[in-house]
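Here is how names work: the chains are called A, B, and so on, in the same order as the sequence lines, proteins then strands, and each is numbered from 1. Note that the coordinates shown come from a computational prediction; the quantities given were computed from them, not determined experimentally.
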There are 2 protein chains.
Amino acid sequence: MHCRSCHDCTARGFAICAALDETELRELAQLSRHVRFESGATVFAQANIATSFFSVHAGTLRLYKLLPDSRRQIVGFALPGDFLGLPGLPHHEFSADAVGRVTLCQFPKESFATFAEKRPQLLRRMVELAGHELARAQEHMVLLGRRSAEEKIASFLIGWRDRLSGIGRGGEILPLPMKRLDIADHLGLTIETVSRTFSKLERDGVIQIFASGVVLLDTPRAEALSAGVS
Amino acid sequence: MHCRSCHDCTARGFAICAALDETELRELAQLSRHVRFESGATVFAQANIATSFFSVHAGTLRLYKLLPDSRRQIVGFALPGDFLGLPGLPHHEFSADAVGRVTLCQFPKESFATFAEKRPQLLRRMVELAGHELARAQEHMVLLGRRSAEEKIASFLIGWRDRLSGIGRGGEILPLPMKRLDIADHLGLTIETVSRTFSKLERDGVIQIFASGVVLLDTPRAEALSAGVS
DNA sequence: CGTCAGGTTGACGCGTCTCAAAGTGGGTGG
DNA sequence: CCACCCACTTTGAGACGCGTCAACCTGACG
C-alpha cells in the first residue's frame, strides 16, 4: 500500500513536497504511510486530537464543521496537493471525509514537526500554502455573506474549474464528484435552492447538466455572475 | 515616531516577535518603521502590490473585500499582535483601514523575507499564526453560511470578547469601536437587521447597549446563542 | 439653532427556506 | 430480464426571515 515512489507522485508538484530535494524527499517518505479511504469514510473528526498531518495524493475530501443541532458548513474541498492539519493547534478544527475514493500521505505529527523544524524551505512552503488557503477562505466569506444564490453557484463552478485546471485536471466537462447536499452546505444554501439554481442556469443556456458534472456553455456569463457584475 | 523599544512593546507577547530572542529583536527593529494612521485611513488596498508586511501595535483595523458593485464583506478585524500580509502572494488580498487611531510596525517585504528565511522559529510562528487565522476564518464561514441574525450577533459579541481578553483587554464593558455598518458587513447582514437584533437582545435582557459598546448581562444565554443551541 | 453622520424603528416585498410530492437512475434479488 | 427499492434530484406551493425603503431620533459640532 506504500507509494511506489514519491519521485513519480502525481501530486508532487503542488504539495509541500515541492519544497524538498531528493534526499529530504526520501527521508520524509520514511516517516509517511500511504493510506486509502473509501467513499464516505471519515478521515478525522472535528475536535478530536490531531495525531497526524496529511497530504492529499488522489481524490476529493469534504472539510466541514457541524453545529450542535447538526447544521453543517463545508468549509472547503481538499484536492491532490492540499495539506491537512495545522501545526500549533492540538485538535482538528474540522472533520474530513472522502468524496469518492481517496488516497493520502499520512505523517505522524511529532516526527513531521521534528523533520520540518530544521528545514526553512519546507516551513516557507507551509506558510505559503496556509496563505493560499486563507485567501480562498476569505474569498469564500464574500460568497457566503454577500452573494445571491445564482452568484454563489456560478462562483463555485468557476472556482472549481480553476482549481482543477490548476492541478492539471482541466477539461471540457467539469466533474462534480460531490452531491447537491454537499454543494448546498458549502454555499450556505439548501439542496432545493441549489437544484433550482442549476436548473435555471441550464434553462438560461449557461451550463449543461450531466450526471457526473456540468459543461460551461456560456463561460463569460458564468464569470460575470461569479465576479458579481449582476 | 519610532517605537521607543521593542522590549516594552505592549503587543510583544502575541505578535510574531514572540518567536525572537533579544539579538534578533534588535535586528528586526532595524528593518521596521513605526507608522500611524488616523481613523478611517486606508493602510493598503485590495489588489495593490504588497511591498510591506505589518504587525499591529495598537488599535483596530477592518479588513475587507469589495465586489464591483460595492457590496462589501469585512473578512475580519485586526487587533494588536496580528500580522498582515501573506508571503507568497504578490498582491494584497483585501483592503485594510483604521477603525479609530492605529499604530503598526511596517516591514519591507523583501528584507523581512530575507530576515525570516534563516529563522525557523520565526517561520514556525508564522505558520502558527496563519493556522489560527485560518481556524477563525473557518469558524466565520459557519456563521455566515448557517446562522440566523440573532446567532450571528451573539457569536460576534462572544468572539470579540474572547479575542480582547486574549490580549489582556477583557473587562466589564465590551468596547465596540466599529460602526453598525461594519458589523453588518462582517456578519452578512444589513445595518437595519443589526440594529434590530441589538435591540431585541437588549429587550430580552441579554445585553445592555452603550455608545461605546455593550455589557453582557446574560452571558450563558449569549454563549448558548453563539454555540447554536437554538 | 441648523446640520450631519450614525442609529433606531416601522411597513412592506422578495429571495430563500420549508414542506410535500413526484421523477430518475443504479443496484439487488427474484 | 423485470420488479422493486433506495438514495438522490427536481419541481411546486406557501411561509418566513431578512432586505429595502422611508421616516424619525439622537448627539456632536459649528
Inset, instruction - State which residues pass salt bridge (charged side-chain N to carboxylate O under 4.0 Å, His left out) with Glu93(A); sequence neighbours excluded, sorted by chain then number. - result: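 Listed in chain order: nothing, the list is empty.
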Legend entry - Results of salt bridge (charged side-chain N to carboxylate O under 4.0 Å, His left out) for Arg180(B) - residues two or more places apart only: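 Applying salt bridge (charged side-chain N to carboxylate O under 4.0 Å, His left out) to Arg180(B) gives none.
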[X] [atom1] - [N] [atom2] separation (whole Å):
X         : N       : atom1 : atom2 : answer
Arg71(B)  : dG15(C) : CZ    : C1'   : 13 Å
Leu187(A) : dC17(C) : CG    : P     : 11 Å
Arg72(A)  : dC17(C) : CZ    : P     : 15 Å

Legend entry - With Phe112(B) via ring-ring contact (aromatic ring centres under 6.0 Å, His included) - residues at least two apart: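 In terms of ring-ring contact (aromatic ring centres under 6.0 Å, His included), with neighbours along the sequence ignored, Phe112(B) is linked to Phe53(B), Phe83(B), Phe107(B).
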Legend entry - Residues forming a ring-ring contact (aromatic ring centres under 6.0 Å, His included) with His140(B), sequence neighbours excluded: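 With sequence neighbours excluded, His140(B) shows a ring-ring contact (aromatic ring centres under 6.0 Å, His included) to His186(B), given in chain and number order.
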Legend entry - Contact state string [nucleotides 8-26 of chain D, B base, S sugar-phosphate only, - no protein heavy atom under 4.0 Å]: SSBBBB----SSBB-----
Would you list the atom pairs, donor with acceptor, under 3.5 Å between side chains in residues 206-213 of chain B and any protein atom, with sequence neighbours excluded?
none

